[in-house]
Amino acid sequence: MPNNILGGSGFNALVKARYGYMLFNKNDTYIGRAIEKYGEFSELEAALFKQVCNEGDVVLDIGANIGSHTLAFANMVGETGYVYAFEPQPVIFQTLCANVALNSLQNVATHGVALSDSAGDVLIPQIDYSRQSNFGSMEVERFEHGSKIPKQTLDDPLEFTKIKLMKIDVEGMEAKVIRGARNTIKQHQPAVYVENDRIDKSAELIELMWSLDYRIYWHTPALFNPSNYFNDPENIYPNTVSINMLCLPRSAPSQLNGFTEITDQHSHPMKKD
């Protein structure tokens, strides 16, 4: 890994990564560790996004974390496009904003809110970011104590021009986000890229996207990219993939090679035969 530009003994570090300067938590065992070792996170997801997004497009990054994909999206859509990034964890949201500012991005708007199927608040507990953890794995609606963070639906009064892609990675709240975005999805008909790594919630999520008249395809890229930005050959995520669905409106022409269409709501890549 290139030298940490920040130095010091704090939990944050700063490197020049694939899509610009990235501030990250050295104690984050997934995203932070990947940025530190590879200069990128889940770049094989971003490779798919590059096939969907073009100059001038509008993208929603829901569950943006520190902005590893947000910066990639900003690069893809260019100065004439726009990225809306949503992240409810306050300290992680601060890092997201820092990464947008560090790279002088004027085509990104950040929102420190939780998206769901109703308006109100969520409670975020005090988290010790100086200890190792997977900080992005928090399901933010399950806590009974903590600081109040606003919660809203995507259909609440946010004004969007034509949305091309909606990326949703919200740790088990994906169906709630989509239910709260029904009108937005019906109006814009975007491609929807949604995490689906919880077998117990998978059927509901698949049926929900079918009800919106979408075709759905599994996308399970490895976390390790052999052509990573730092050219590090060591795979610290062996046999680890992200489990996502690429959802495309049935009204849009789609010719996808190498993708498996979902035709059974009870199928899942993690299920054993």
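Contact of the I199 side chain with the K271 side chain is registered, since non-hydrogen atoms from C-beta on lie closer than 4.5 Å. Side-chain contact between C247 and V194: present, with at least one pair of heavy atoms (C-beta onward) separated by less than 4.5 Å. Between I62 and M173, every side-chain heavy-atom pair lies at or beyond the 4.5 Å cut-off. For the pair Y82 and T161, the minimum side-chain heavy-atom distance is 4.5 Å or more. In this structure, V113 and F86 have side chains that are in contact, with non-hydrogen atoms separated by less than 4.5 Å. Counting heavy atoms from C-beta on, the side chains of L212 and V192 never come closer than 4.5 Å.
The shortest non-hydrogen separation linking L60 to F160 is CD2-CE2, 3.6 Å. In terms of heavy-atom proximity, L115 sits nearest to L154 at CD1-CD1, 3.7 Å. Taking every heavy atom of both residues into account, P90 and I149 meet most closely at CG-CD1, 3.6 Å. Annotation for V52 and D57: closest pair O-OD2, 3.9 Å, computed over non-hydrogen atoms. In plain terms, the two heavy atoms of K16 and F230 that are nearest each other are O-CE2, 3.5 Å. Across I262 and S267, no two heavy atoms sit closer than the pair CG2-OG, 4.0 Å.
Within 6.0 Å of the CD atom in E79, the count of heavy atoms belonging to other residues, nucleotides or ligands does not exceed 12. Within 6.0 Å of atom CD in Q106, 12 or fewer heavy atoms from other residues, nucleotides or ligands are found, so the atom counts as exposed in its surroundings. More than 12 heavy-atom neighbours from other residues, nucleotides or ligands sit within 6.0 angstrom of CG on D200. For F11, the CZ atom counts as densely surrounded, since its 6.0 Å shell holds more than 12 non-hydrogen atoms of other residues, nucleotides or ligands. Under a cut-off of 6.0 angstrom, the local environment of OH in Y30 is sparse, with at most 12 non-hydrogen atoms contributed by other residues, nucleotides or ligands.
In the model, D155 has no side-chain atom that pairs as donor or acceptor with a side-chain atom of T153 under 3.5 Å. In the model, N65 has no side-chain atom that pairs as donor or acceptor with a side-chain atom of E87 under 3.5 Å. No hydrogens or angles considered: nothing links the side chains of E40 and S68 as a donor-acceptor pair under 3.5 Å.
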* Check the pair N244 / E45 against side-chain contact (heavy atoms from CB on, under 4.5 Å), numbers first and verdict last. => CA-CA 9 Å; N244 306 288; E45 289 185 358; 3.1 Å; yes

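Residues L44 and Y217 do not share a hydrophobic cluster, defined by chaining ILVMFWY side chains whose heavy atoms lie under 4.5 Å apart.
A ring-ring contact (aromatic ring centres under 6.0 Å, His included) check over residues 161-180, counting only residues at least two apart or in different chains, returns nothing.
With ring centers used as reference points, Y193 lies under 6.0 Å from F49.
The side chain to side chain contact (heavy atoms under 4.5 Å, CB included) search around H145 returns none, not counting sequence neighbours.
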